[in-house]
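Report on the following structure.
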Amino acid sequence: MRIDLHAHSNVSDGTETPADVMASAARAGLDVVALTDHDSTDGWAEASRAALDHRVALVPGMEVSCRTEQGISVHLLSYLHDPVHPGLLDEITKAKDARLTRAERMVTLLAEDYPLTWDDVIHHVAPGATLGRPHIADALVAAGVVSDRSEAFTSILTSHSRYFVQHYAPDPATAVELVRAAGGVPVFAHPVASARGRIVGERTYLDMIDAGLVGLEIEHRDNPEEGREFLRGLAAKHGLLVTGSSDYHGTGKPNLLGENLTTAEVLARIEELGTGTSVVRP
């Protein structure tokens, strides 16, 4: 069974609709795919209908944006949570609003040096989507400033850039607690992806584990091998699930559906633990 538990649609920063993600999953030979848009479950209904059409099982999920006290970004995958649970919903709504304010400020700063307007950015955002830096990157590509999203993120939009602006995000341990309270299964996404920026120390892992963390996304292209070894040891020590995923974004990233996979046994355990909603099977 081919299972990929991390994919994005244009509800956040992917380039395909939720239905097209499911179609792409079928073409990639997947049996199961998780839709995990940033701070949003708005794509679940469309993806659920398409799952039946394309005969690919859907794991409803979300990727929650978090930040430590030290300002380090952490992404938390949530599977099978209740999408209308008040505590989690209030927190992600607050984070989405902060993303919008942050994006407006970044565009104002960028416009001082580049041919970029707010309307240019909005042109690349699907209605109701979670707006983020990838949409600013798309506008910079369209303006001919950079060649693709990757170049934008390694230069103009890096967290070390003068154009970068922080936004509100919950503490990782708090997010884990909220996901568990919503009946979800929390998994730390690409934990040692050092090329993306600073990564957390062991204290953060322990705090998240104490809060109810269930798993680690270890098999991911952005986790270097030496980091994966550390994560495998941590998972073994604390009884955490190990997942593998693509982090698919359509044409927004080079990541390919199915390039890393999760075992059927791990998916079964996620289903046992998740009580907020269910896997959609054709």
Side-chain angles (χ1 to χ4, degrees), residues 1-12 14 16-26 30-66 75-96 128-130 170 174-189 208 211-217 240-241 243 245-248 257 262-282:
M1 185 175 291
R2 288 171 52 81
I3 302 165
D4 187 337
L5 293 183
H6 191 165
H8 296 267
S9 75
N10 66 353
V11 166
S12 59
E16 299 177 348
T17 66
D20 287 341
V21 171
M22 301 308 296
S24 293
L30 292 178
D31 299 292
V32 183
V33 67
L35 184 67
T36 52
D37 281 308
H38 293 284
D39 301 319
S40 180
T41 61
D42 289 351
W44 286 12
E46 180 181 333
S48 295
R49 293 190 294 269
L52 305 180
D53 293 336
H54 296 289
R55 302 196 61 77
V56 176
L58 170 71
V59 179
M62 179 171 67
E63 189 168 18
V64 183
S65 305
C66 310
H75 287 178
L76 183 72
L77 292 163
S78 173
Y79 302 116
L80 304 180
H81 64 273
D82 177 356
V84 295
H85 183 272
L88 182 58
L89 184 60
D90 288 351
E91 197 68 15
I92 63 171
T93 299
K94 186 176 178 181
K96 284 178 70 173
T130 302
T174 299
V176 169
E177 292 173 347
L178 289 169
V179 168
R180 293 302 297 263
V185 182
V187 173
F188 194 160
M208 293 173 73
L213 185 70
V214 170
L216 301 171
E217 184 185 54
L240 302 175
L241 300 181
T243 69
S245 313
S246 64
D247 200 357
Y248 180 68
L257 282 165
T262 296
T263 67
E265 292 76 15
V266 167
L267 176 59
R269 184 60 179 146
I270 288 172
E271 287 195 76
E272 289 174 4
L273 293 171
T275 60
T277 189
S278 303
V279 173
V280 178
R281 286 192 165 83

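- Checked by atom type and distance alone, the side chain of E46 pairs as donor or acceptor with a backbone atom of A19 at under 3.5 Å.
- Here the straight-line distance linking atom CE of M22 with atom CG of L52 works out to 9.0 Å at 0.5 Å rounding.
- For L89 against T93, the heavy-atom pair with the smallest separation is O-OG1, 2.8 Å.
- Between V59 and L5, some side-chain heavy-atom pair lies under the 4.5 Å cut-off.
- Residues V179 and S78 approach most closely at CG1-OG, 3.2 Å, considering heavy atoms.
- Counting only heavy atoms from C-beta outward, the side chains of L77 and E63 approach each other to under 4.5 Å.
- Annotation: the span from Y79 atom OH to L241 atom CG amounts to 10.5 Å, rounded to 0.5 Å.
- The two residues I92 and M62 have their closest heavy-atom pair at CD1-SD, 3.6 Å.
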Pair up each side-chain donor or acceptor in residues 275-282 with any protein partner under 3.5 Å, not counting sequence neighbours, and list the distances.
residue : atom : partner : partner atom : Å
R281    : NH1  : E271    : OE1          : 3.0
R281    : NH1  : E271    : OE2          : 3.4
R281    : NH2  : E271    : OE2          : 2.7

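- With sequence neighbours excluded, the residues satisfying ring pair (Phe, Tyr, Trp, His ring centres under 6.0 Å) with H38 are H8, H75.
- Across every non-hydrogen atom of V185 and I270, the tightest pair is CG2-O, 3.5 Å.
- Not a single donor-acceptor pair under 3.5 Å links the side chain of D37 to the backbone N or O of D42.
- Within the 3.5 Å criterion, the main-chain N or O of S246 finds a donor-acceptor partner in the side chain of D4.
- Using a 4.5 Å cut-off on side-chain heavy atoms (C-beta onward), R180 and V214 make contact.
- If you run side-chain contact (heavy atoms from CB on, under 4.5 Å) between H6 and each of V33, T36, T243, L35, only T36 comes through.
- Considering only residues two or more places apart in sequence or on other chains, F188 meets the ring pair (Phe, Tyr, Trp, His ring centres under 6.0 Å) condition with Y205.
- Here the CD1-CD distance, from I3 to E265, works out to 8.0 Å after rounding to the nearest 0.5 Å.
- Nearest heavy-atom pair across E16 and S24 is OE1-OG, 3.0 Å.
- A 4.5 Å side-chain heavy-atom check between H81 and T41 finds at least one atom pair inside the cut-off.
- Between P18 and G43, the shortest heavy-atom distance links the atoms CB-O, 3.5 Å.
- Salt bridge E91/K94: absent, no basic N to carboxylate O contact under 4.0 Å.
- Rounding to the nearest 0.5 Å gives a distance of 10.5 Å between CG of L257 and OG of S245.
- Counting heavy atoms from C-beta on, the side chains of L213 and L76 come closer than 4.5 Å.
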